[in-house]
Amino acid sequence: MCAACGVPTHIPVLDPEPPTGQPGAESGTGQPPAQSVKFAALRNASCRPYLGGAALAMMADNVEHVITYWVIWEKFHSPALTGFEVISHWLPFLLLSPYFGALADRYDCRKLIQASQALFMAVSLTWGILFLTNTLTVWNACILLILHGMAGALWAPPEQLLLEDFVGVEDLPSAIRLNSTARSLGILAGPVVGSALLLGLGPVHGIWVNIGFYLPLTILMARTRFTGHTRSGIVARQRVSALAAVKVFREVSRDRVLASMIILAGLGSFFVGSAMQVVMPEIAATTTGLSSGTAYGVLLFANGLGGVLGGLILEGTGWVRLSVRSALISTLVYGAVSVFFAVSHDYLIAAPLLIVGGVANLAALSITQTVVQLRAPREKKGQVIGVYGVGANGMRIGSGFTVGLFGAVVGLRTALGLSSAALVVCAAILAAYLAVIARRDRLNAAEPAQPLPADLTS
């Protein structure tokens, strides 16, 4: 059975058979076992502290959003700058992820993660100085927003290589799920902590205190022995330019499973992506049963809670298999739930829908990320992860158009509903295409070999 797509007669496995001594050589497939230990990554002494540090760093990322977005709005009252806040956060993922992935293939991933955290801290320090001296202008706000987005894009590829180095191939699905859960926990806590720092200490001291949340992960990278290449011993030696790194798109397209997983992640990001946060205020204002402010808080909490619960449920139960079919179903559920959320006017319905959507979205992203990472060639794994980052993160810019700008014309609720419906349709088309391909492969495998003519056998 194909471990990636679940088709009984499909031959390819998740990863080419590794040589003896490489991760996965024990099973001969390079794929994780069908039944892995629950919460395996938490049992790993190297991975466990990383997950805690990543959660704190992701929380700090979101705390910075809370403080800086509030100050920028209070100072400039610019809807255009508000839109740029979203674009600047995801544009580096769209443009630079393959190149940052190439850096992860070539260099020590610990140093790259430290560089990303140092950039986060430098940006926060500069924000605080500009707030304190009252010298914040539009142009330097734009520069800092872009640098903040670049720090996030630089962090992503080496993180994935380091997770695999921590736990090995067999427990990689657990590490990716729990890392996504840790990040979701940081996203959930970020607005709460950010609001507390903003109200309690003010924007200047609040954002400076926030720098401390980046330190645990930075220090951990100086203490761990894993480099992202320790287990495999494979480090890319060839220098890769930004343009050459983009060429990996062509190589990825030759692997149908790999390409379909990246496309699927990109569809969810493009049609929904960051749109939930954009439409939340309007949906909260038109939700019955609670005041708009209370409804907004409830819906925000439910949106973050879904990702956390999703990771815990998936890791603790093993209900969802690591397969293309599971990724497709999860994406379809995410799109359908988003459609229903867009038309719901009762918070008792809207909040549970957000939780279910968060579970489905985390399942889809963790499955696609795992399959991509396991199928990627080891010497170019960072670049392939970078290409995945283009789809899963960079394409979130698209939701600013499919929901944000379109919503200005037809209304945000309608735009979210139509965009979510488009996600369902596109995911269904991709599922139908893969089903046709799988059926063709089964027929080809069932056909007996044609005998050679007599004149060629003599």
Under the 3.5 angstrom rule, does the side chain of [X] hit a backbone N or O of [Y] as a donor-acceptor pair?
X: Asn393; Y: Ala153; value: no
X: Asn62; Y: Met58; value: yes
X: Arg396; Y: Ser269; value: no
X: Asp105; Y: Gly382; value: yes
X: Arg177; Y: Ile367; value: no
X: Asp171; Y: Ala41; value: no
X: His229; Y: Ala104; value: yes
X: Gln114; Y: Thr218; value: yes
X: Ser326; Y: Leu322; value: no
X: Ser419; Y: Ala415; value: no

Quick check: do [X] and [Y] have side-chain heavy atoms less than 4.5 Å from each other?
X: Leu51; Y: Leu42; answer: yes
X: Ile211; Y: Phe120; answer: no
X: Leu145; Y: Tyr69; answer: yes
X: Ile187; Y: Val308; answer: no
X: Tyr388; Y: Met261; answer: no
X: Asp441; Y: Arg256; answer: yes
X: Val384; Y: Arg375; answer: no
X: Leu258; Y: Val387; answer: no

So, taking the atom named [atom1] in [X] and the one named [atom2] in [Y], what distance separates them when rounded to the nearest 0.5 Å?
X: Arg183; Y: Asp61; atom1: CZ; atom2: CG; result: 8.5 Å
X: Met221; Y: Phe226; atom1: CE; atom2: CZ; result: 11.0 Å
X: Phe340; Y: Leu353; atom1: CZ; atom2: CG; result: 8.0 Å
X: Tyr50; Y: Asn179; atom1: OH; atom2: CG; result: 6.0 Å
X: Leu185; Y: Leu178; atom1: CG; atom2: CG; result: 11.5 Å
X: Thr331; Y: Leu423; atom1: OG1; atom2: CG; result: 6.5 Å

Closest contact, heavy atoms only, [X] versus [Y]:
X: Val333; Y: Ala360; result: CG1-CB, 3.8 Å
X: Phe166; Y: Asn44; result: O-ND2, 3.0 Å
X: Trp155; Y: Ala57; result: CH2-CB, 3.6 Å
X: Val66; Y: Gly190; result: CG2-O, 4.2 Å
X: Ala156; Y: Phe93; result: CB-CE2, 4.4 Å
X: Ala302; Y: Ala351; result: CB-O, 3.6 Å

Q.
Applying side chain to side chain contact (heavy atoms under 4.5 Å, CB included) to Met395 and Leu94, what does each step give before you reach the verdict?
A. CA-CA 7 Å; Met395 292 302 291; Leu94 184 67; 4.0 Å; yes
Q: List the steps and the verdict of side chain to side chain contact (heavy atoms under 4.5 Å, CB included) for Leu299 and Asn303.
A: CA-CA 6 Å; Leu299 295 181; Asn303 191 41; over 6 Å; no
Q | Steps toward side chain to side chain contact (heavy atoms under 4.5 Å, CB included) verdict (Ile283, Phe341) | A | CA-CA 9 Å; Ile283 290 182; Phe341 171 73; 3.3 Å; yes
Q: Given side chain to side chain donor-acceptor pair (under 3.5 Å), test Thr230 with Thr227 step by step and report yes or no.
A: CA-CA 6 Å; Thr230 303; Thr227 66; 3.3 Å; yes
Q: Kindly determine whether Ile67 and Trp127 satisfy side chain to side chain contact (heavy atoms under 4.5 Å, CB included), including the steps that lead there.
A: CA-CA 10 Å; Ile67 296 175; Trp127 280 119; over 6 Å; no
Q: Going by the side-chain hydrogen bond (donor to acceptor under 3.5 Å, both in side chains) test, name the single residue among Arg231, Arg378, Lys381 that passes it with Glu164.
A: Lys381
Q) More than 12 heavy atoms of other residues, nucleotides or ligands under 6.0 Å from CZ of Phe39: is that the case? A) yes
